[in-house]
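Before any comments, here is the structure.
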Amino acid sequence: MTDLISPEQAAADERAGQPYAYQRVELVEPDWTRIPGWKDVTAEEWRSAQWQRAHCVKNVKQLRDVMGDLLDERFYEDLTRDQAERATMSMLLPPQMLNTIVPAGATDYTAAFYADPVRRYMLPVFSDRRTDWPSHPHATRDSLHEHEMWATEGLTHRYPTKVLAEILPTCPQYCGHCTRMDLVGNSTPVIDKLKFVAKPQTRLDDMLDYLRRTPGVRDVVVSGGDVANMPWPRLESFLTSLLEIENIRDIRLATKALMGLPQHWLSDDIRAGVERVAQLGRKRGVMIAMHTHVNAAQSVTPLVAEATKAMFDAGLRDVRNQGVLMRGVNDSVPQLLDLCFALLDGATITPYYFYMCDMIPFSEHWRVSVRDAQHLQHGILGYLPGFATPRIVCDVPYVGKRWVHQLSEYDEVRGISYWKKNYRTGIEQQDPEALNRTYEYYDPIDTLPAEGQDWWKQHAGDHLAEAEKRAAASRTAAESQKLLQIN
């Protein structure tokens, strides 16, 4: 990246004592030919969505074939162990995404690869994980209880006027921290994934039927998985049907592929399809936007900016980013602001949310405390335009998104925050106490003072037993679904 402000101005900012000195930077597409396995790949091949999908890295052998001797053997061994003992998501990295790890090269490539923020969440290794508390005692496979709130299979009705439509269980890339690791992607040695039971078209039809008879819903997040993995004719048909429902006024397309596989959204047939849907949306007064998922500034490249522009040219109302706050990735004020300015200045993507990493198994090395999240929210205020200042939110189980300063009480010693809500979820319509009850969220135990860590050491047994019961229930559900599929 090339600085576009003068050294004199940068020095003046430093003398002014600003905690963060804004610098506009020019986006750069990393040179993929620096990678041994891609030294002969042409620009035409690189821009091809088909080539990108065909050359995704899906296992350690394929990573070794691409990276070769750039990485020491110890990294491959570290990764192999994690895949066998800790990974909740199978490995899947498009070349576009892998190319943004150590984008400028390095003298000690292995050390730089280990330290890289994109690598930390897309390609976790065993040595990343904590050994004292690898999982929180309250960690669960479906940490947000979305499956419990399914109105139809895959349609989560948690908020009064909004639903989440999980239209498929796959993505073009798999993030190590995926909150839907219970359902999305392939099974791993430690996680036997749940499976949809109904046929794909039946599930989509059931979702549409529910929305037609539920006029209180106006907003549909179309997600999964990632909508980029849905064959376009089927996705367009679903979106067109949504647009025919009078009460639907907002549609949001969720796709990390805008960053991880921008070539998909640059394909002529996809752009033409988005334009058709956007034109129909404008005609019917429905706002259609795209939500993507970028966690590090280096992921914003010229191809990402080009794909975003293509979506605006096709007629989408907005493109917004929903990142995840993670230790070792973006847990400092400079990292967050660098990312926000790269999104805003480089690609006209609006920074929207940063979610705290959810309490899924083996995620403790990524999660931050509520207190640290509050400090980060405070630290980024005042630098960005108000409309582009992201809210850092905690997705509280059985509650939903809450700004990190909205908690009711906070036991910082034990790392337990207490939250309330102002609406009933889809499973609480007849619960008179839903709006009076407090709901708990838990900080990573290693971030607590010694007194708090000691308390958890003494009390974790009961919680671990409960967690195992929940895990057993999930396994039973998985087996039941398998039997239904067989029958």
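Side chains included, hydrogens not; waters and symmetry mates left out as well; all remaining heavy atoms used.
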| message | What I want to find out is whether R424 reaches D431 closely enough, with some N-O distance under 4.0 Å, to be called a salt bridge. | response | no
| query | So, the side chain of S143 versus the backbone of A139: is there a donor-acceptor pair under 3.5 Å, distance only? | reply | no
| query | Is there a donor-acceptor pair closer than 3.5 Å between any side-chain N or O of E428 and the backbone N or O of A434? | reply | no
| Hey, do the aromatic rings of H147 and H157 have their centres closer than 6.0 Å? | no
| query | Is it true that R437 and E433 have a side-chain N and a carboxylate O under 4.0 angstrom from each other? | reply | no
| query | Salt bridge or not for R249 and D219, using N-O below 4.0 Å? | reply | no
| said: Just to verify, which of V393, V404, D372 counts as forming a side-chain contact (heavy atoms from CB on, under 4.5 Å) with M356? | reply: V404
| field | salt_bridge(E306, K309) N-O dist < 4.0 Å | value | no
| field | Residues R158, D395: salt bridge by 4.0 Å N-O rule | value | yes
| task | List the steps and the verdict of side-chain hydrogen bond (donor to acceptor under 3.5 Å, both in side chains) for N321 and T292. | result | CA-CA 5 Å; N321 185 61; T292 192; 5.1 Å; no
| Less than 6.0 Å separating the ring centroids of Y20 and Y383? | yes
| task | Would you mind checking if K193 and D182 are paired as a salt bridge, meaning a charged N to carboxylate O distance below 4.0 Å? | result | no
| request: Decide side-chain hydrogen bond (donor to acceptor under 3.5 Å, both in side chains) for W403 and Q377; before the verdict, give the C-alpha distance in whole Å, the side-chain angles of both, and the deciding distance to 0.1 Å. | output: CA-CA 9 Å; W403 185 41; Q377 182 74 86; 2.9 Å; yes
| said: Looking at D128 and R327, is any side-chain nitrogen of the basic one under 4.0 Å from a carboxylate oxygen of the acidic one? | reply: no
